[in-house]
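The chains referred to below are lettered A, B, ... by the order of the sequence lines, with proteins before strands, and numbering in each begins at 1. Below, all heavy atoms of this structure are taken into account, side chains as well, without hydrogens, waters or symmetry copies.
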There are 2 protein chains.
Amino acid sequence: MDITDKKIIGILANDARASLTDIGAAVDLSPSAVNERIRRLVTSGVIRRFTLEVDHRILGFDVLAFVWIALATDADESEFRSFIASHPAVAECHHVTGAWSYCAKVRMPTLGDIEPFLAELKARRYLARSETVLALSTATERPVTLPPATRRSG
Amino acid sequence: MDITDKKIIGILANDARASLTDIGAAVDLSPSAVNERIRRLVTSGVIRRFTLEVDHRILGFDVLAFVWIALATDADESEFRSFIASHPAVAECHHVTGAWSYCAKVRMPTLGDIEPFLAELKARRYLARSETVLALSTATERPVTLPPATRRSG
DNA sequence: CTTGAAAGATCTGTAAA
DNA sequence: TTTACAGATCTTTCAAG
């Protein structure tokens, strides 16, 4: 994992379909060398998948919300985690420090879809309390965080 | 934007480098037809970019945090937004309802990197108050939210 | 939307540093 | 162990129907 690898990740984060030739030209390497590095980045788990950045509004998801969840004391936490991980509306869910147990980022077609979601969490006895914070607008949203490509690291 | 388009987006979200041939086989279309649909999805803005899902731990970002920000009353909000959007550690930042103005999702190499970040926000007179919530573990994290595909396109 | 052909990219194997 | 090169294979693109 050297600077060239990080440059390659940066290029692919901007355009996952960039050709090996073009990437090679950008990092002064042959296409096969680039190919070999990408293969290693994938097998070593640095690159998890090649994916998409989409406009969820156009796809019909007008509502973005953060739902803070306090788990019920008798909730089966691993069952909750697999339920929330398989729920199509949940984009992210993290176990967090502070007053709440979990923070879930959810996307819904309309505001009215949030209540049934909370109701299901409650019906399954996961939920003690919750608080929903709506996102009004987004200043930035990027899938990949990279250090400025100036240093080495392992 | 029909069901076939949504299927194509689902396939590309799982593997942005899937070949037109394979996608076509999955949705019963010729490679050229798939190519044309993807082109339309890109130009219409549904697909914003082809990108990567990476393991930020391996890349040296061990800390994921949500920083709740109350803007200073005299802060230049659009200046704040462009500052936060260009900050490399900020993965997301949303204007939100509730007690706080903004919620920023940040990735840092270490816990110690959070304080200088907050200090800079304060030094620039953006920050009135803030609260930092750490993510201890992640139950799920997906870049694309899609409705369950329930029907065939033909 | 499909077909078919040309152009371009990728993959594999082999050799060299 | 990593990179370079060349031939074969696959993919993408374009024109025509």
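Surrounding CZ of R125(B) are at most 12 heavy atoms belonging to other residues, nucleotides or ligands under 6.0 Å away.
A cation-pi contact, defined as under 6.0 Å to the ring centre and within 45° of the axis, links R129(B) to W100(B).
Between the C1' atom of dT2(D) and the CZ atom of R40(A) lies a distance of 7 Å, rounded to the nearest Å. Atom-to-atom, CD1 of I23(B) to C1' of dT12(D) comes out at 12 Å; the value is rounded to the nearest Å. Atom CG in D28(A) sits about 10 Å away from atom P in dA4(D), given to the nearest Å. Put simply, CG on D5(A) is 11 Å from P on dT2(D), counting in whole angstrom units. If you measure from atom CG of D15(B) to atom P of dT11(D), you get 12 Å, rounded to the nearest angstrom.
Using cut-offs of 30° and 60° for the angle between ring planes, the Y126(A) and F83(A) rings count as tilted. Ring geometry for F61(B) against H56(B) counts as perpendicular: the plane angle is over 60°, on a 0 to 90° scale with 30° as the lower cut.
Of the residues R37(A), K7(A), R40(A), the one that meets the salt bridge (charged side-chain N to carboxylate O under 4.0 Å, His left out) test with D2(A) is R37(A).
Both V34(A) and V54(B) belong to a common hydrophobic cluster when Ile, Leu, Val, Met, Phe, Trp and Tyr are linked at side-chain heavy-atom distances under 4.5 angstrom.
F50(B) has its ring centre no less than 6.0 Å from the ring centre of F50(A).
Minimum atom distance to the side chain of S19(A) is reached by dT10(C), of the listed dT2(C), dT10(C), dT12(D). Candidate nucleotides dT2(D), dT12(D), dT3(C) were compared by shortest atom distance to the side chain of S30(B), and dT3(C) ranks first.
Of the possible polar contacts, none joining the D15(B) side chain to the L12(B) backbone as a donor-acceptor pair under 3.5 Å is found.
Within residues 41-52 of chain B, no residue has any heavy atom closer than 4.0 Å to DNA chain D.
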When you check every protein heavy atom under 4.0 Å of nucleotides 11-17 of chain C, what one-letter string (B, S, -) results, 5' to 3'?
-> SS-----

